[in-house]
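Notes follow the structure.
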Amino acid sequence: MPKTLYITDLDGTLLTSGQYVSPKSCEIINRLTEQGMIFSYATARSLITAKKVTAGLEVKTPVIVNNGVFITDSASGEKLVKNTFSVSQAEDIFRTLSEFGIFPLVYSIIDGEEKFSYIPEKNTRGVNGFLDTRRGDPRHRPLPNEDGMLDGEIFYFACMDEAGSMSEAHEELKKRYYCVYSNDIYSGDQWLEILPKSATKANAVLQLKEYCGCDRLVAFGDGINDIPMFKAADECYAVENAAAELKEIADDIIGNNNGDSVAEFLEKICKRL
């Protein structure tokens, strides 16, 4: 039998709308991994927040976080693969965003620790709403001005606001970097995410597939940022609540994210093997 890696997105896919993995999904997936299923997840979240929302889920395989920036050992936190910006690239992105009046959250590794830097007085309503969900997060790094915004090894820029200048900035930056411009499923705000060209879920899932010595890749997702991962997979399944663009390229549509659909589908697959 071919050795298969089963990988799922989190938000809107494996997670319920309440942003957690249901006890039923945890029970099914944990049982299947104990029986030998190779399972992981690929998410735009950091490892810190991913572990919070997947509490109860025992993932033995390395996980993909920050939209493919890192492949990380979920137990130790060791970064097995890193994709980051060069200094000149980070400066170019920050300068371009500033020209459009956008002040982002800048994610970086400083002295071995992950941080997200921002200027509180420049925050949009969307950014403040996001930061409210990260209260107590040790990565907070508020700054009084632009000095220090580009410290460390930068791997991710996140902008949250209404459309307008965000859309214009996206059109400019996507010429040079991997960008995701989408509607947040929780707040309704527009998100513009800028990542290194090498940092995609597609690249990361293929790297993880090779790392695990697998022959096949089966993916689950809901958003347009899952499109590259679906194209890299041997089989791909969209949840019922997925974006229309993702459904168009999926091999099939399963139930919605509030119905344990990924876990139940995995159980059906394993019973057939």
Side-chain angles (χ1 to χ4, degrees), residues 4-33 37-45 49-59 61 63-68 129-130 133 160 163 180-191 193 200-202 204-205 208-209 216-273:
T4 303
L5 170 63
Y6 297 94
I7 193 154
T8 181
D9 172 58
L10 291 183
D11 292 273
T13 306
L14 184 64
L15 300 186
T16 69
S17 297
Q19 301 185 54
Y20 64 92
V21 183
S22 77
K24 181 179 179 180
S25 286
C26 284
E27 186 280 322
I28 292 172
I29 293 172
N30 290 345
R31 172 164 40 86
L32 295 176
T33 55
M37 181 182 71
I38 304 172
F39 170 85
S40 186
Y41 59 74
T43 179
R45 290 176 178 266
T49 59
K51 291 184 77 168
K52 288 181 180 178
V53 297
T54 58
L57 195 65
E58 299 169 6
V59 184
T61 305
V63 296
I64 295 166
V65 293
N66 298 101
N67 253 339
F130 171 80
T133 69
M160 287 147 264
V180 179
Y181 183 53
S182 60
N183 190 60
D184 181 60
I185 63 174
Y186 300 118
S187 68
D189 288 313
Q190 295 297 311
W191 272 61
E193 304 166 84
T200 67
K201 284 187 178 181
V205 293
L208 184 57
K209 176 184 172 185
R216 297 179 68 254
L217 175 67
V218 176
F220 302 85
D222 77 303
I224 58 174
N225 66 327
D226 294 318
I227 289 175
M229 178 172 72
F230 269 36
K231 290 181 177 179
D234 297 285
E235 292 180 29
C236 50
Y237 299 93
V239 286
E240 190 176 66
N241 51 287
E245 298 95 324
L246 194 70
K247 288 181 176 179
E248 288 178 2
I249 64 171
D251 290 311
D252 204 354
I253 313 298
I254 61 175
N256 67 52
N257 65 307
N258 289 312
D260 300 295
S261 302
V262 171
E264 290 183 350
F265 192 84
L266 289 170
E267 190 169 41
K268 289 178 184 177
I269 289 174
C270 290
K271 284 180 178 177
R272 294 200 300 262
L273 297 178

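Every heavy atom of this structure was used, including side-chain atoms; hydrogens, water molecules and symmetry mates were not.
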Side-chain contact test, heavy atoms from C-beta onward, threshold under 4.5 Å: evaluate it for [X] versus [Y] and give yes or no.
{"X": "Asn225", "Y": "Ser182", "answer": "no"}
{"X": "Arg45", "Y": "Lys52", "answer": "no"}
{"X": "Val180", "Y": "Lys201", "answer": "no"}
{"X": "Met229", "Y": "Ile64", "answer": "no"}
{"X": "Asn30", "Y": "Leu57", "answer": "yes"}
{"X": "Asp189", "Y": "Phe130", "answer": "no"}
{"X": "Ile29", "Y": "Leu266", "answer": "yes"}

Problem set entry | Smallest separation among heavy atoms of Ala202 and Pro228, with atom names | CB-O, 3.3 Å
Problem set entry | Smallest separation among heavy atoms of Thr54 and Ala50, with atom names | OG1-O, 2.7 Å
Exercise. With sequence neighbours excluded, what pairs up with Ser17 under the side chain to side chain contact (heavy atoms under 4.5 Å, CB included) test?
Worked result: Asn257, Asn258
Seminar exercise, completed: Exactly one candidate in Asp9, Thr8, Ile249 meets side-chain contact (heavy atoms from CB on, under 4.5 Å) with Asp226; the answer is Asp9
Exercise. So which of Leu14, Leu15, Val63 actually passes side-chain contact (heavy atoms from CB on, under 4.5 Å) with Tyr41?
Worked result: Val63
For this session: Check ring-ring contact (aromatic ring centres under 6.0 Å, His included) between Phe230 and all other residues, then give those that pass, not counting sequence neighbours.
Result: none
Exercise. Is a salt bridge present between Arg31 and Glu27, judged by a nitrogen-to-oxygen distance below 4.0 Å?
Worked result: yes
Checking the side chain of [X] only, and the main-chain atoms of [Y] only, is there a donor and an acceptor separated by less than 3.5 Å?
{"X": "Asp260", "Y": "Ala263", "result": "no"}
{"X": "Asp222", "Y": "Val239", "result": "no"}
{"X": "Lys247", "Y": "Asn241", "result": "no"}

Problem set entry | Aromatic ring proximity Phe220/Tyr237, centre distance under 6.0 Å | yes
Exercise. How many angstroms lie between atom CZ of Phe39 and atom SG of Cys270, to the nearest 0.5 angstrom?
Worked result: 11.0 Å
